[in-house]
Amino acid sequence: MKEFQAIQAPKGVSEYFPPRSQNFELVRETLIDSARISGYQLIELPMFEDTELFKRGVGESTDVVSKEMYTFEDRGGRSITLRPEGTAGVMRSVIENNLDKGQLPVKIWYSGAFFRAERPQAGRYRQFYQVGVEAIGASSPELDVEVIAIADRAFKSLGLKSYRLEITSLGDAASRNAHRKDLITFIEKMNLDAETAARAVLNPLRLFDDKREEIRSAMQNAPVLLDYLSPESAAEFASVQEILGALGIAYTVNPRMVRGLDYYTGTTFEFIHEKLGAQSGIGGGGRYDGLMAELGGADISGIGFGLGVDRVLLACEAEGLFDPEFAAGKLKVYLIALGAQSKSATIKLLNDLRTAGIASDMAYGDRALKGAMKAADKSGAQYCVVLGENEISSGKFEIKDMKTGTVKEVTMSTLIDFLAE
RNA sequence: GUGGUCGUAGCUCAGCUGGUAGAGCACUCGGUUGUGGUCCGAGAUGUCGCGGGUUCGAGCCCCGUCGAUCACCCCA
């Protein structure tokens, strides 16, 4: 007879708990800060949407929509999908709430969980976290670069080094159509296996990304989209590169870059980290000219990106960027009550410290002093105060610096000032 | 979704050709009166992922299943 069956987390979900959650939080906040200081504001959206939104917005031919969505029927018989990416939902909300009727561009950021039913792998989860930005309603190379710079600045301020930025341009519709025609003609002569041929029909650009050497070398001579750009598109792309150069943001042009979502046009980019194995993309994005109109909004352009928080965290770990003390916690002071009589005064002091904004904690239960000191040590607190009857009655404490071991005498009235310094 | 590898204490792992489990770290307590991080001593801890099967007997063999991992597909 079985007493219980332990319940496991669903397949492929990542969880962040202490101490690593501290690093996760740092990564996410750093990514968000970079957007905030560039004038972007929060948009908080539902995690599930009408399935139709993604079919129309992301594109039915994409892998994401055709085989990776968590779709279910709700109690009203509506088809609902857990969001697999962020941009479509943002566009929906912008249109629905008339955000595009005010001053443009609308600049917003978001952060949260996304869902794709793929086979899990390191850095690829079924529930994953992204920080994204969208700048909607203006089309200019400066804005393209601003968005790229937000990501680049965030990575740099985390201390990341082993990553590179790849950019390309998908041009306007006329450029893409001309190229597509020639590319298909080229591919039809390639004598592909059935599976690969089927993939080529869905999106011929995919073949540029194939990992097999024979396909790679065959594709060396395939026509690339950059050679088909209209004069306007080419000029825009040149301008993007010029501004990137002026800002000192290193990049390489990769004419064979492939993006997985149908809505991209014009400038597109990808950040790739070199120490992450197969799932090396830590962020990517691009311009989307037709998306707003496709979803029933005004015919205005936008640009945005999604950064993978899980992957950026892995990248930071691969580069050994985290200070162990940071992960340990951020307590300023740790209190130890000695004896039952001291407890209530200690609790009161702890509460006062917290109210004063000083991160503090105390030893719970009735641990021996030695055990309590150990707990103080492990908490990572900067200081420790032991409160016994003497301290409570005299109002004078010894505050100990846990790093140096030095002790200093303070009084009840000067303690908060001392710690708030 | 396809293929390879793996799944033993909280963590990292050991466990020889099948005979009912061990180490290090961590944890708890102690090393005489109220001060941690080092050192010494003692102690607790395991549905051997789960379910079947083969066997007198399985952590070790077989099947299934769940999960992880690596690669493919694809992507953050």
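Letters A, B, ... mirror the listed sequences (proteins, then strands); counts begin at 1. Note that this is a predicted model, so its numbers are computed, not measured. FYI, side chains are in, hydrogens and waters are out, and symmetry mates aren't considered; it's all heavy atoms of this structure.
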Show each protein N/O and nucleotides 24-26 of chain B N/O combination with a separation under 3.5 Å, one pair to a line.
none

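- Looking at heavy-atom distances under 4.0 Å, A/Ile282 makes contact with sugar-phosphate atoms alone, never a base.
- Nucleic acid contact for A/Gly277: sugar-phosphate only, since backbone atoms but no base atoms lie under 4.0 Å from a heavy atom of the residue.
- Every salt bridge (charged side-chain N to carboxylate O under 4.0 Å, His left out) that A/Arg206 has, sequence neighbours left out, goes to A/Asp63.
- At a cut-off of 3.5 angstrom, the base of B/rC75 holds no donor-acceptor pair with the side chain of A/Arg259.
- A donor-acceptor pair shorter than 3.5 Å cannot be found between the side chains of A/Tyr16 and A/Asn23.
- Set against B/rC73, B/rC70, B/rC72, the side chain of A/Lys67 has B/rC73 as its closest nucleotide.
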Heavy-atom protein contacts under 4.0 Å, nucleotides 35-45 of chain B, coded B base, S sugar-phosphate only, - none: BBB--------
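- Using atom P as the reference point in both B/rU8 and B/rC16, the two lie 15 Å apart (nearest Å).
- Applying the 5.5 angstrom centroid cut-off and the 30 degree plane-angle cut-off, the aromatic ring of A/Phe128 is stacked upon the base of B/rA76.
- A salt bridge does not link A/Glu118 to A/Arg126: none of the charged nitrogens lies less than 4.0 Å from a carboxylate oxygen.
- Note on A/Arg367: only backbone sugar-phosphate atoms sit closer than 4.0 angstrom, heavy atoms only; bases stay farther off.
- Counting distance only, with no hydrogens placed and no angle test, the side-chain atoms of A/Arg212 and the base atoms of B/rC72 include no donor-acceptor pair under 3.5 Å.
- By the salt bridge (charged side-chain N to carboxylate O under 4.0 Å, His left out) test, A/Arg153 is found to be paired with no residue, residues two or more places apart in sequence or in another chain being considered.
- Nucleotides B/rG57 and B/rG18 are separated by 16 Å at their P atoms, to the nearest Å.
- Sorted by first and then second residue, the ring-ring contact (aromatic ring centres under 6.0 Å, His included) pairs with a member in residues 344-369 of chain A form an empty list; sequence neighbours excluded.
- If you check every strand for non-hydrogen atoms under 4.0 Å, A/Asn390 touches a base.
- Of the P atoms belonging to B/rG59 and B/rG7, the separation is 15 Å, rounded to the nearest Å.
- Evaluation of atom-type donor-acceptor distances gives a pair under 3.5 Å for the side chain of A/Arg116 against the base of B/rA76.
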What pairs of nitrogen or oxygen atoms, one from the protein and one from nucleotides 3-10 of chain B, lie under 3.5 Å apart?
residue: B/rG3; atom: O6; partner: A/Arg119; partner atom: NH2; Å: 3.3

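- Distances shown here put a side-chain N or O of A/Lys11 below 4.0 Å from the OP1 or OP2 atom of B/rG67.
- Using a 4.0 Å heavy-atom cutoff across all strands shown, A/Tyr125 reaches at least one base atom of the nucleic acid.
- For the ring-ring contact (aromatic ring centres under 6.0 Å, His included) condition, the pairs that include at least one residue of residues 378-404 of chain A, sequence neighbours left out, are A/Tyr383-A/Phe418.
- Only the C1' atoms considered, B/rA9 is 22 Å distant from B/rU69, to the nearest whole Å.
- Residue A/Ala376 is classed as having no contact, given no heavy-atom separation below 4.0 Å to the nucleic acid.
- Between the side chains of A/Asp262 and A/Tyr288, not a single donor N or O lies within less than 3.5 Å of an accepting N or O.
- Contacts classified as ring-ring contact (aromatic ring centres under 6.0 Å, His included) and involving residues 185-213 of chain A (residues at least two apart or in different chains) are not found.
- Atom name P, nucleotides B/rC13 and B/rG1: the rounded distance is 28 Å, in whole Å.
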Dot-bracket for RNA chain B, please. Rules: Watson-Crick or G-U, both distances under 3.5 Å, ( ) within the strand, [ ] when a pair crosses earlier ones, | for another strand, . otherwise. (((((((..((((........)))).(((((.......))))).....(((((.......))))))))))))....
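- Salt-bridge formation is detected for the pair A/Asp144/A/Arg287: a Lys NZ or Arg NE/NH1/NH2 atom is positioned less than 4.0 Å from an Asp or Glu carboxylate oxygen.
- Residue A/Gln121 has a polar side-chain atom (N or O) positioned under 4.0 Å from OP1 or OP2 of B/rA71.
- Between A/Thr268 and A/Thr168, the side chains place no donor N or O within less than 3.5 Å of an acceptor N or O (distance only, hydrogens not considered).
- Atom P of B/rG19 sits at a distance of 25 Å from the matching atom of B/rG10, rounded to the whole Å.
- Using modelled atom types, one finds a donor on one side chain and an acceptor on the other under 3.5 Å when comparing A/Glu134 with A/Thr87.
- For the pair A/Asp377 and A/Lys374, the salt-bridge criterion is not met [side-chain N within less than 4.0 Å of a carboxylate O].
- For B/rA76, its base sits under 3.5 Å from the side chain of A/Glu118 at one donor and acceptor pair at least.
- Within the structure, ring-ring contact (aromatic ring centres under 6.0 Å, His included) pairs that include any residue of residues 126-153 of chain A comprise A/Phe24-A/Tyr129 (at least two apart or interchain).
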Report all side-chain donor-acceptor pairs from residues 331-341 of chain A shorter than 3.5 Å, counting only partners two or more places apart or in another chain.
residue: A/Lys332; atom: NZ; partner: A/Gln382; partner atom: OE1; Å: 3.4
residue: A/Tyr334; atom: OH; partner: A/Met362; partner atom: O; Å: 3.3
residue: A/Gln341; atom: NE2; partner: A/Glu389; partner atom: OE2; Å: 2.8

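- Annotation: salt bridge (charged side-chain N to carboxylate O under 4.0 Å, His left out) contacts of A/Asp310 (sequence neighbours excluded): none.
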